[in-house]
Amino acid sequence: MDTSFALTLQIVLTVLAGVTAQVIGEVARVPSIIFLLLFGIALGPDGIGLLHPQDLGVGLEVIVALSVALILFEGGLSLELSELGQVSNSLRNLVTVGIFVTLIGGGMAAHWLGEFPWSLAFLYASLVVVTGPTVIGPLLRQVEVDRKVATLLEGEGVLIDPVGAILAVVVLDIILNGDADPTTVVGGLILRLGIGTLIGMVGGGLIGLLLKQANFLGEDLRNLVVLAGLWGLFGLAQSIRSESGLMATVVAGMMVRWLSVPDERLLRRFKGQLTVLAVSVLFILLAADLSIASVFALGKGAVLTVLVLMVVVRPINIWLCTRSSDLNWRQKLFLGWVAPRGIVSASVASLFAILLTDRGISGGEAIKALVFLTIIMTVLVQGLTARFVAGWLRITKGDAVGAVIVGCSPLSLLIARLLKEYGDPVVMIDTNESACEAAEKEGIELLISSALDRDALEKAGLEKAGTFLAITKNGEVNAVVSQRALEEFQPARVIAVLPQDKSLGDLPNKGQLKGAQTPRLSLKQWNAYLTDGEVRLGETRLRPEGTDRQREHLATLMRNGGMVPLLVERDDALRVALGQEAWEVGDRIIYLWHDSKPKLLKQLAGGIQPTRLSLETVPVVEAVPPAPKGPLPEQTAAAVLPDLPDPPNGSATALEVPPAAEASNPDRSTDESASAADI
């Protein structure tokens, strides 16, 4: 068979296997690297023998170098720079002090347990100081931890890769040249990092400015310009000083993100697709090139080495690097458990094995085998248990607290006030500047902006908030901004309040609201009640005795418009609950109760302003009717609750939220049509 055609078939088979592994990982909701490694080994010489990466010769090194550069650029481009400040001290420690903690701890474990010579033991440790975005990113997409933990893991994965790769090169130089002078180690590390950082900042800035000014370039060409630019910067840095190119690509990606270039989301999507392809190809080829016999030849000492790295060195590293942070013990424990190794460790180890063999130094294949064993064990054990550990520690996004509320009205302000008093962060968004005064009185942060502006949602902290509540006066607006929040930020809970006179089928893009709650409430009427002081703020708990009757009783009160639940407290967490839910025994439900007596008293007293609402127990809500001994024909809710007000407009499921400035005048007519100002 023609050699070129044989190589073509190998590349085609590699891509097919890589993409298939990615699809299986997505369906199974486990890190795809597991299947990439399995497919690569199965197709390689130790498997069915369809793939022979060594036939590519130096082409394999070229593919590895350019792919890693692309992966790290995409990692830098994806970093949320605005959030790095929240974990900057811990992140700085992890990519400086943390590297040397892992280097020393891993080297000692490899020497004493793996029985490697000190030089090779520290070379191994230098190769596994990195984690990497290729494994952290997919893991965080499948295990949605709270944003602060995710930011720290993402930042560590991106920034530590070039630093770790350069450290490994310096250690290799010491082994090959026999120069162990500490000043040489530190000097070589700083020099490469400095050159890469400088080239990345200048080059990334030029790419960003070009994208801002070059309006004549189409979308496809703009993406290709960025691709050519990042590889150009990588080549330039490498030609000046070996291994400085990795740092240049990371910094260039961060610069492009910082400059906020036009159509940045499309650029990130394009680079993300290329990265998935690059990761797929690299892992298949490198795993196929692995000798299984060399892995088994390492013995149980190698397994113990990796276990010490996972359960001793990593937790010590996290404890030292996050001592002064505001992370709680649950977050630190999760960070100490999750540190899977990725493509940079595999690629650099494969190249080092070739270099050591060429120089006549034994142990190159053993180092490569130990690195791949580390990748396999960390990915399998930590990747498969991360979701369970995050749930056990209660640090998943579903456990996130706080809310971003769109629409400032008396009802939404009350919800925001209750959340704030509970200790949860709350930010409101509204286009009406007159709402500022009402929000300031309650001490609530209010952004005067459109909720369709991604920057506004990002500034409001939606990425780490537990709830997104769209509660403007217009149902279509609520649906649209909720759809945007789902697409851009995927919050744990999205609530889009809908009007009474429109069904969900009448709303635009209703299919995109999958995953959002769509309660229906008579907000115009409840805002009027709040303004006129015709409400009481109550609380009740779902009791273990007669739970079903209590649920039915509360449902009857809501159907008749006398009560609307606002929040529910469960497991020491308070969340928005506008409407009936699957309440559990022990839930503390905070609600509004319509009571016209305060208004009558105010009128009799000459218009005294209503007092600030405080929590109380309402006897009518607590008085659950006993279970009937027999059928009660024609029994109605009105017979049981004769004092309840009639539902507004014949229904208790209306929605109309006037802005704060209009809420004081509930009789004022409102325009239900969507407009830019509403959003």
Side-chain angles (χ1 to χ4, degrees), residues 80-83 85-86 147 260 262 264-265 401-421 424-489 491 493-497 499 516 523-524 526-528 530-531 566 576 578 655-666 668-679:
E80 297 291 348
L81 303 181
S82 60
E83 295 185 355
Q86 302 177 19
R147 196 58 206 165
S260 301
E264 178 186 297
R265 186 173 54 163
V401 298
V404 173
I405 302 176
V406 180
C408 186
S409 66
L411 183 60
S412 61
L413 275 172
L414 176 61
I415 294 173
R417 188 199 101 193
L418 293 172
L419 287 170
K420 185 175 183 294
E421 290 176 349
D424 293 346
V426 182
V427 179
M428 304 188 74
I429 301 176
D430 201 302
T431 57
N432 191 348
E433 294 187 4
S434 61
C436 288
E437 183 178 352
E440 287 177 358
K441 287 182 180 179
E442 299 291 352
I444 305 297
E445 181 181 355
L446 176 69
L447 299 180
I448 303 299
S449 180
S450 166
L452 286 179
D453 185 353
R454 189 187 189 283
D455 291 337
L457 295 177
E458 187 173 314
K459 184 178 180 181
L462 183 55
E463 291 191 335
K464 56 181 178 291
T467 301
F468 177 81
L469 172 61
I471 190 169
T472 72
K473 67 180 181 181
N474 192 293
E476 287 86 348
V477 169
N478 296 335
V480 171
V481 297
S482 297
Q483 175 185 332
R484 183 64 180 271
L486 284 168
E487 291 176 350
E488 296 283 350
F489 297 92
R493 292 174 295 278
V494 175
I495 303 174
V497 189
L523 289 178
K524 181 177 182 179
W526 282 103
N527 279 319
L530 279 164
T531 303
L566 302 180
V576 180
L578 290 172
L655 168 64
E656 188 176 359
V657 186
E662 299 176 13
S664 61
N665 185 8
R668 179 177 176 181
S669 62
T670 58
D671 183 9
E672 286 293 300
S673 62
S675 66
D678 293 326
I679 302 174

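Bear in mind that the values here come from a model prediction, so they are computed numbers and not experimental data. All residue numbers refer to positions in the sequence shown, counting from 1. Values below: every heavy atom of this structure, side chains too, minus hydrogens, waters and symmetry copies.
Here the closest non-hydrogen pair linking A451 and V481 is CB-CG1, 3.8 Å. Contact detail for S450 and A456: the closest heavy-atom pair is O-CB, 3.7 Å. S412 and I405 get closest at one heavy-atom pair: CB-CG2, 4.0 Å. T431 and S449 get closest at one heavy-atom pair: CG2-O, 3.4 Å. Among all heavy-atom pairs drawn from A460 and V427, the shortest one is O-CG2, 3.5 Å. Shown here for A485 and P491, the closest heavy-atom pair between the two residues is O-CD, 3.5 Å.
The line from CG of L452 to CD of Q483 is 9.5 Å long, rounded to the nearest 0.5 Å. Here CD1 of I429 is found 11.0 Å from CG of L469. Values are rounded to the nearest 0.5 Å. Within the model, atoms CE of M428 and NZ of K420 stand 13.0 Å from one another, a figure rounded to the nearest 0.5 Å. Expressed to the nearest 0.5 Å, how far CG of L411 lies from CD1 of I471 amounts to 5.0 Å. A distance of 10.5 Å separates CG of D430 from CG of L447, quoted to the nearest 0.5 Å.
Counting heavy atoms from C-beta outward, C408 and L413 have side chains that approach closer than 4.5 Å. With contacts defined as side-chain heavy-atom distances shorter than 4.5 Å, the pair L419/V576 qualifies. Side-chain atoms of L578 and I415, non-hydrogen and from C-beta on, do get closer than 4.5 Å to each other.
A donor atom on one side chain and an acceptor atom on the other are not found under 3.5 Å apart for N474 and T472.
Side chain of N478 to backbone of V497: a donor-acceptor contact under 3.5 angstrom is found. Not one N or O on the side chain of R417 forms a donor-acceptor pair closer than 3.5 Å with the backbone of E442.
The number of heavy atoms from other shown groups lying within 6.0 Å of CD (E433) does not exceed 12.
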message = Set out, in order, the CA-CA distance, both residues' side-chain angles and the distance that settles side chain to side chain contact (heavy atoms under 4.5 Å, CB included) for F468 and L486, then state yes or no.
response = CA-CA 9 Å; F468 177 81; L486 284 168; over 6 Å; no

